[in-house]
Amino acid sequence: DGMKKIFFDAGLRFHVTNYLIFGIVSELWFFLGFNSDKESINIVHYTMFFWGLGLILHFIIFLLLRRNTIRGIQRSDIFD
């Protein structure tokens, strides 16, 4: 069970890292003028908004699962 928490924690860090990198690169893409005439910055903002909602949900689930463990070990495994 402790390994599941480690992977879930790594998944959250991966999710946050990708969110930040995508947001920065996308904004720079438009700021530097690499976008086409048919691309709108609004699509990036909508993507970041909805992805952010998913990230918030991921973080809440992470916090709820973390509450049930002590240093990554389920409480039921410690206190039988």
Side-chain angles (χ1 to χ4, degrees):
D1 287 333
M3 289 302 290
K4 288 180 187 175
K5 183 197 174 293
I6 290 170
F7 288 127
F8 193 73
D9 183 31
L12 180 63
R13 284 185 273 138
F14 183 75
H15 195 173
V16 171
T17 303
N18 283 327
Y19 177 80
L20 293 174
I21 290 173
F22 174 81
I24 291 168
V25 168
S26 297
E27 291 291 334
L28 283 174
W29 189 263
F30 280 88
F31 180 74
L32 296 174
F34 293 135
N35 59 311
S36 75
D37 295 335
K38 304 213 186 307
E39 286 181 300
S40 170
I41 189 70
N42 289 336
I43 193 67
V44 173
H45 295 157
Y46 289 137
T47 302
M48 294 300 292
F49 175 74
F50 289 111
W51 192 350
L53 292 177
L55 186 59
I56 290 169
L57 180 64
H58 192 165
F59 184 68
I60 290 169
I61 292 170
F62 169 75
L63 290 178
L64 291 174
L65 291 177
R66 192 177 75 166
R67 263 187 9 185
N68 296 329
T69 63
I70 299 173
R71 294 187 183 180
I73 302 171
Q74 290 289 330
R75 290 180 183 187
S76 60
D77 292 341
I78 297 173
F79 303 109
D80 284 332

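Here the structure is a predicted model, which is why all the values come from computation and not from measurement.
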Of all pairs that satisfy side chain to side chain donor-acceptor pair (under 3.5 Å), the ones with a partner from residues 32-44, not counting sequence neighbours: none

Show me, pair by pair, the donor-acceptor contacts under 3.5 angstrom made by side chains of residues 44-51, not counting sequence neighbours?
{"unit_1": "His45", "atom_1": "NE2", "unit_2": "Glu27", "atom_2": "OE2", "d": "2.9"}
{"unit_1": "Thr47", "atom_1": "OG1", "unit_2": "Ile43", "atom_2": "O", "d": "2.7"}
{"unit_1": "Trp51", "atom_1": "NE1", "unit_2": "His15", "atom_2": "NE2", "d": "2.9"}

Cluster link Leu53 to Leu55, ILVMFWY, side chain under 4.5 Å: no

Within 6.0 Å of CZ in Phe59, more than 12 heavy atoms from elsewhere: no

Ile24 reachable from Trp29 in the ILVMFWY side-chain graph, under 4.5 Å edges: no

ILVMFWY cluster membership beyond Ile21 - transitive side-chain contacts under 4.5 angstrom: Val25

